[in-house]
Number of protein chains: 2
Amino acid sequence: MTTISVLLVDDHTVVRSGLKALLGTQPDIAVVGEASSGEEALDAAQQHSPAVVLMDLAMGAGMDGIEAIKHLRQRNPKQAIIVFTTYDSDADIVRAVDAGAMGYLLKDAAPEEIFAAVRGAVQGKSVMSAPVASRLFQQLRNPDEVLTPREAELLSLLTEGLSNRDLGKRLFISEATVKTHLAHIYAKLGVETRAAAIATAIRREGMR
Amino acid sequence: MTTISVLLVDDHTVVRSGLKALLGTQPDIAVVGEASSGEEALDAAQQHSPAVVLMDLAMGAGMDGIEAIKHLRQRNPKQAIIVFTTYDSDADIVRAVDAGAMGYLLKDAAPEEIFAAVRGAVQGKSVMSAPVASRLFQQLRNPDEVLTPREAELLSLLTEGLSNRDLGKRLFISEATVKTHLAHIYAKLGVETRAAAIATAIRREGMR
DNA sequence: ACTTGTATCAGCCAAAAGGTGGAGAGACCA
DNA sequence: TGGTCTCTCCACCTTTTGGCTGATACAAGT
């Protein structure tokens with residue numbers, strides 16, 4: 001039996017110690033490091049080269065989870081990354097999978113689910129919480145209504161109340177392109193205005 | 001030295017074990033029970049009569065945190081209840097304090113903060129995370145920023161994505177009046193656009 | 001009686017957003 | 001190679017929104 005080394009990335013101290021306590025009960029799993037931000041995660045991964053990285057997507061300050069995942073994948077593609085977060089937002093799921101996440105767990109997952117995800121990840125298996133899986137399944141059934149990564153990115157910024165101009169600046173694209181993306185997003189979400197899009201996004205997608 | 005008995009209420013297993021691990025390092029604090037829902041919390045409180053209840057506001061199903069706090073206070077007013085949650089929503093803070101919470105901690109609080117809150121709570125002291133305190137302070141300082149009932153009604157409909165015209169029809173007022181109310185709402189929320197108002201309302205005020 | 005707060009309405013103007021109909025570049029796949 | 005996606009950009013036009021100023025009416029508290 002090989003021991004699986006795990007790196008925990010979460011800006012909440014309690015969540016980290018909770019995971020550590022839970023994973024500590026498993027003889028074949030060892031937490032080798034902790035990080036509370038994306039930047040720290042990169043350092044810690046460099047230092048410990050864990051087999052699995054358990055990462056929260058929402059980090060208070062600095063690099064967000066998605067960015068961190070991309071960097072981690074780039075440096076060590078063999079490393080399995082499991083997202084461990086509170087919400088099952090469509091956009092986040094798509095972006096995380098796109099960035100290279102192997103699994104997607106919600107924080108209310110049962111301990112057994114977490115263990116299974118860690119063990120599965122090192123074998124190249126994708127393990128995800130049921131609500132997440134059902135969302136992905138639905139997306140496969142209706143590919144027309146799935147936002148592209150770029151659109152999801154826009155929608156996410158949209159829910160922060162930015163104007164088209166600000167969106168353009170933030171994403172380094174012209175206002176015209178912003179409007180094009182928005183039109184597509186509206187069509188896919190089945191709404192006519194940005195207000196409705198934001199409402200739909202936050203309510204339906206669990207965005208915050 | 002008296003040992004402080006604590007009951008943990010959170011629907012996330014990892015958060016519970018994290019808190020347990022953290023609090024376990026303190027000789028004067030003992031976790032005497034855990035619950036993952038409001039209903040369970042009431043039972044557990046009855047059984048263990050803990051000195052302090054650490055409770056998450058957002059519980060997946062059934063009774064929410066606020067309801068649970070009210071019931072707990074009713075049964076045992078001497079018990080100190082500390083809210084331990086992820087977001088510092090204005091509405092949640094007010095409602096929790098109103099329901100009888102002694103403290104309000106955010107999940108990214110440092111361990112020392114948590115210990116201090118538990119110890120302070122049994123002495124009747126209110127301990128809260130800095131962002132929470134600053135919000136409460138701001139509310140006391142600026143009663144001007146409280147929405148009138150009519151404005152709140154509008155804001156609520158706004159978060160459903162309605163246009164000014166639709167808002168007018170729904171509330172039987174002219175579009176001009178809608179615009180007036182909106183201008184007041186924007187000023188009070190400190191935003192310039194309806195998009196930002198919706199984002200602020202849903203995120204900060206806990207509207208869903 | 002006077003002030004304050006709330007709710008209602010109007011008009012004007014500038015800015016932002018949305019609709020329509022394109023179009024080119026790069027990736028990927030059959 | 002041809003088709004399909006995705007992302008990017010443009011122009012033109014209409015609708016919507018927001019900023020500003022000002023007004024009336026009613027209720028409640030001082």
Side-chain angles (χ1 to χ4, degrees), chain A residues 66 70 73-74 90-91 93-100 139-201, chain B residues 139-201:
Chain A
I66 301 283
K70 285 183 190 161
R73 297 284 318 172
Q74 210 168 358
D90 282 353
I93 297 173
V94 170
R95 292 197 306 152
V97 170
D98 205 61
Q139 294 205 332
L140 287 178
R141 263 196 359 187
N142 284 1
D144 287 0
E145 292 176 11
V146 180
L147 301 183
T148 68
R150 194 56 157 173
E151 285 162 0
E153 204 176 349
L154 242 120
L155 181 57
S156 162
L157 288 176
L158 197 64
T159 63
E160 285 171 21
L162 300 186
S163 68
N164 290 348
R165 186 172 306 166
D166 293 337
L167 289 171
K169 281 182 188 165
R170 189 77 83 86
L171 298 174
F172 304 107
I173 57 180
S174 78
E175 218 177 308
T177 307
V178 170
K179 289 170 105 178
T180 304
H181 285 308
L182 286 182
H184 294 158
I185 290 172
Y186 297 162
K188 288 179 180 176
L189 292 185
V191 299
E192 282 92 41
T193 68
R194 76 170 41 211
I198 293 172
T200 304
Chain B
Q139 290 207 334
L140 288 178
R141 252 198 7 185
N142 284 348
D144 289 358
E145 292 177 9
V146 179
L147 300 183
T148 68
R150 193 56 158 174
E151 284 162 1
E153 199 178 353
L154 242 121
L155 182 57
S156 162
L157 288 175
L158 197 63
T159 64
E160 285 171 21
L162 300 187
S163 69
N164 290 347
R165 187 171 306 166
D166 292 337
L167 288 170
K169 281 182 188 165
R170 189 78 82 86
L171 297 174
F172 304 105
I173 57 181
S174 78
E175 218 176 309
T177 307
V178 170
K179 289 172 87 176
T180 304
H181 285 309
L182 285 182
H184 293 158
I185 291 172
Y186 297 163
K188 288 181 180 177
L189 293 185
V191 298
E192 282 91 43
T193 67
R194 75 171 45 210
I198 294 172
T200 304

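Keep in mind it's a predicted model, so treat the numbers as computed, not measured. Chain letters run A, B, ... following the sequence lines, proteins first, then strands; residues in each count from 1.
- A rotation axis mapping the C1' atoms of four pairs onto the next four is fitted at both ends of the helix from C:dA1-D:dT30 to C:dA30-D:dT1 over five pairs, and the angle between these axes is 50° to 10 degrees.
- If you take CG of B:L162 and P of D:dT15, they are 20 Å apart, rounded to a whole angstrom.
- Residues of residues 164-183 of chain B that place a heavy atom closer than 4.0 Å to DNA chain C, in numerical order, are B:I173, B:S174, B:A176, B:T177, B:T180, B:H181.
- Distance, B:R194 CZ to D:dT15 P: 17 Å, rounded to whole Å.
- Separating the OG1 atom in B:T159 from the CD1 atom in A:I198 is a distance of 11.0 Å, to the nearest 0.5 Å.
- Of all non-hydrogen atoms in B:R150 and B:L171, the two that sit nearest each other are NH2-O, 3.3 Å.
- Rounded to whole Å, the distance from CG on B:L154 to P on C:dC9 is 12 Å.
- Separating the CG atom in A:L154 from the CD1 atom in A:I185 is a distance of 5.0 Å, to the nearest 0.5 Å.
- Residues meeting the salt bridge (Lys or Arg N to Asp or Glu O under 4.0 Å) test with A:E192, sequence neighbours left out: none.
- With rounding to whole Å, A:Y186 atom OH is found 8 Å from C:dA17 atom P.
- Protein atom CG of B:L158 is 11 Å distant from nucleotide atom C1' of D:dT17, rounded to whole Å.
- Of the two residues near DNA chain D, B:T193 and A:E151, the one whose nearest nucleotide lies more 5' is A:E151.
- Taking CG of A:L147 as the reference point, atom NE2 of A:H181 lies at 11.5 Å (rounded to 0.5 Å).
- Atom C1' of nucleotide C:dG18 and atom CD1 of A:I185 are separated by 14 Å, given to the nearest angstrom.
- The distance from atom CG of A:L155 to atom C1' of D:dT6 is 17 Å, rounded to the nearest whole Å.
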Side chain to side chain donor-acceptor pair (under 3.5 Å) assessment of A:T180 paired with A:T177: CA-CA 5 Å; A:T180 304; A:T177 307; 5.7 Å; no
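- The side chain of A:R150 contributes an N or O atom lying less than 4.0 Å from OP1 or OP2 of D:dT8.
- A:H184 places its NE2 atom 10 Å from the P atom of D:dT6, with the value rounded to the nearest Å.
- For the atom pair NZ of B:K169 and CG of B:N164, the computed distance is 12.5 Å after rounding to the nearest 0.5 Å.
- To the nearest 0.5 angstrom, B:L189 atom CG is 9.0 Å from B:E151 atom CD.
- Of all heavy-atom pairs spanning A:A197 and A:L155, the tightest one is O-CD1, 4.3 Å.
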